[in-house]
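For this chain, numbers begin at 1 and follow the sequence in order. Whatever order the structure lists ligands and atoms in, that order sets their numbers, starting from 1.
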Amino acid sequence: MRKRLMGEAMGRILVAGPWITSKEIKYVTDALKRGWYKNANVYHQRFEKAFADYVGKKYAIALNSCTSAIHLSLLALGVGSGDEVIVPEITWIATAAPISYVGAKPVFADIDSQTWCLSASSFEKMISKKTRAVIPVDLYGNMPDMKAICSIARSAGIAVIEDAAEAMGAQYGQGRAGSFGDTGVFSFHGSKTMTTGEGGMLVTDRKDVYQRCLFLRDHGRKPEGRMFFNTEIAYKYKMSAMQAALGLAQLERIDELLERKRRIFDWYAQELSSLPDIELNYQAPGTRSVYWMVTVIIGKKYRIAKEALIDSLSKKNIDCRPFFYPLSSLPAYKDLGQARISRKKNTVSYAISPFGVNLPSGLNLTRKEIKYVCAALRSILKI
Ligand SMILES: *Cc1c(COP(=O)(O)O)cnc(C)c1O
């Protein structure tokens, strides 16, 4: 069953993939049968409550995506036209795109060479009079130096939105990933550790932010207000009851999902960590990574760029992904005119990105498949 679910029939080892059991099927079936009309929000409420408790925050709001969670965070925190928001160069564009939705400008900061997450010192250097928020990203399930980032933000009066889309369940000191900012945001896209197909969550301790996000999520309706009497033009960002049911089932199995992620990393580490000039995800002291994507940085001496390595692995029926390109280098951000300056300033991002590859990290991977991937990698690199 496991084999068939993970795409063995297609003969490829996929880069990501969920772990669905009869529990998920049972909850979703129940939502399908009963989650309508007066019961339409029962699964949302259970999912939100359990999620807030897990992350250790007062409030959680289930949404249709993490991108929406970032959009609502920016709006609720009052970020708008003329403002600047600092984001790391290396992340999925979903971290940064909502900054443009609200008419603000993204400013790209460098990453740390070990954690691959936002560098606190680079962040500090990018702060200007216009900076209103920073969005640190828990990249690939690793954690940034959250203490330094939050203390810099606090003294500069800048709001923090923690993008924990890739780090559900990670720890930094006593806190869970997603608990450090004014808001924390999560993704339940099919590739993520826990999934609702598509979906997201926003968490916060701030009642004002919570209420504003609820209002904006639902076409500017006051929760107890007059029916069809909207007071502002807003958005429609809810998830469905079936998605909430799936999310609740996955959340109830989160320990098992996280343990498997860590085991997959350990299997890779046993095969790869002693190889010369091959760097794997770094777990900083006092943190617990969830290794959402097991990632290798291939030393320059191998003389192979990530695209060529991915092509060679693909010929061996292995799906991989490139380490994110620096956002400032993307055609999407051409009009900002930052590429040249950013390339000079954000040297770590530009130095690492060409040599990074995400290896298959789906929850249904077997040890045998991981050995196959590692043997393929060694044979391509001739080690
Ligand atoms: C997946 C991801 C997102 C976006 O999530 P969606 O649910 O697809 O909107 C945002 N940030 C990071 C870092 C991600 O990996």
Residues that Asp277 engages under salt bridge (charged side-chain N to carboxylate O under 4.0 Å, His left out), provided they are two or more places apart: none

side-chain contact (heavy atoms from CB on, under 4.5 Å) involving Tyr172 - partner list, sequence neighbours excluded: Met143, Asp145, Met146, Lys147, Phe180, Thr287

Near ligand 1, at a heavy-atom separation below 4.0 Å: residues by chain and residue number: Ser65, Cys66, Thr67, Thr91, Trp92, Ala94, Thr95, Val137, Asp163, Ala165, Glu166, Ser187, Lys192, Gly199

Partners passing side-chain contact (heavy atoms from CB on, under 4.5 Å) against Ala249 (at least two apart in sequence or in another chain): Lys23, Glu24, Tyr27

Verdict with supporting geometry, Tyr140 and Phe324, ring-ring contact (aromatic ring centres under 6.0 Å, His included): CA-CA 11 Å; Tyr140 304 140; Phe324 292 119; 5.7 Å; yes

Trp292 side chain to Ser191 backbone, donor-acceptor under 3.5 Å: yes

Pair Ser289-Lys261, side-chain donor/acceptor within less than 3.5 Å: no

